[in-house]
Amino acid sequence: MAEIKVESEITGKVWKIEVGIGDRLEEDDPAMILESMKMEIPVLAPAAGTVREILVREEDAVEEGQVVALLDG
């Protein structure tokens, strides 16, 4: 089973986590919403998989390129 890394494309703050452990995501499904410069930016799954681990919490600050969740593909 391949590990799929879900990465933030921007620097911002985790506004809302949309998934839980064990949830199935398809490619481009939103895993969470980030807030940056008063805009809401979705973090999308790069490929289909099942959520194995969420590495951030709501209100956490994240950097561009930071891995925020892991999926099993």
Side-chain angles (χ1 to χ4, degrees):
M1 199 174 278
E3 178 180 83
I4 301 164
K5 295 178 180 178
V6 180
E7 299 179 358
S8 171
E9 294 182 12
I10 61 165
T11 297
K13 181 174 77 171
V14 179
W15 181 69
K16 184 176 183 186
I17 296 174
E18 298 279 323
V19 297
I21 304 299
D23 286 355
R24 176 85 182 154
L25 294 175
E26 297 302 321
E27 184 174 359
D28 293 330
D29 279 354
M32 59 191 66
I33 308 292
L34 301 182
E35 187 274 324
S36 181
M37 298 178 359
K38 299 190 182 193
M39 295 178 60
E40 295 174 11
I41 313 293
V43 177
L44 306 177
T50 302
V51 179
R52 182 178 77 208
E53 191 173 357
I54 299 170
L55 304 172
V56 295
R57 295 185 307 240
E58 290 181 358
E59 302 295 320
D60 282 357
V62 296
E63 298 293 324
E64 181 178 346
Q66 180 177 338
V67 177
V68 295
L70 298 173
L71 310 179
D72 286 327

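Just so we're clear, the structure is a prediction, and the values are computed from it rather than from any experiment. Side chains are part of it too, since the values below use all heavy atoms of this structure and drop only hydrogens, waters and symmetry mates.
- With contacts defined as side-chain heavy-atom distances shorter than 4.5 Å, the pair T50/L71 does not qualify.
- In this structure a side-chain-to-backbone donor-acceptor pair under 3.5 Å is present from E58 to I17.
- Residues V56 and Q66 come closest through the heavy atom pair CG1-NE2, 3.8 Å.
- Considering CD of E9 and CD1 of I41, their distance stands at 9.5 Å, rounded to 0.5 Å.
- Checking side-chain atoms of E26 against main-chain N and O of D29 turns up no donor-acceptor pair under 3.5 Å.
- In this structure, L25 and V19 have side chains that are in contact, with non-hydrogen atoms separated by less than 4.5 Å.
- Cluster annotation: L44 is not connected to M39 through the hydrophobic network of ILVMFWY side chains, with a link wherever side-chain heavy atoms come within less than 4.5 Å.
- With hydrogens and angles disregarded, a donor-acceptor distance shorter than 3.5 Å links the side chain of T11 to the backbone of E64.
- Partner of K13 under the salt bridge (Lys or Arg N to Asp or Glu O under 4.0 Å) criterion, out of E63, E40, E59: E59 alone.
- Pairing each heavy atom of P30 with each of P42, the nearest pair is CB-CB, 4.3 Å.
- Residue V14 is not grouped with residue I33 when hydrophobic side chains (ILVMFWY) are merged at heavy-atom distances under 4.5 angstrom, including chains of intermediate members.
- Between K16 and M32, the closest side-chain pair of non-hydrogen atoms is not below 4.5 Å.
- The side-chain heavy atoms of I54 and V68, taken from C-beta on, include no pair separated by under 4.5 Å.
- Taken to the nearest 0.5 Å, the CD1 atom of I21 stands 7.0 Å off from the CD atom of E53.
- Between K5 and L70, the closest side-chain pair of non-hydrogen atoms falls below 4.5 Å.
- Here the side chains of I4 and P46 are in contact, with some heavy-atom distance below 4.5 Å.
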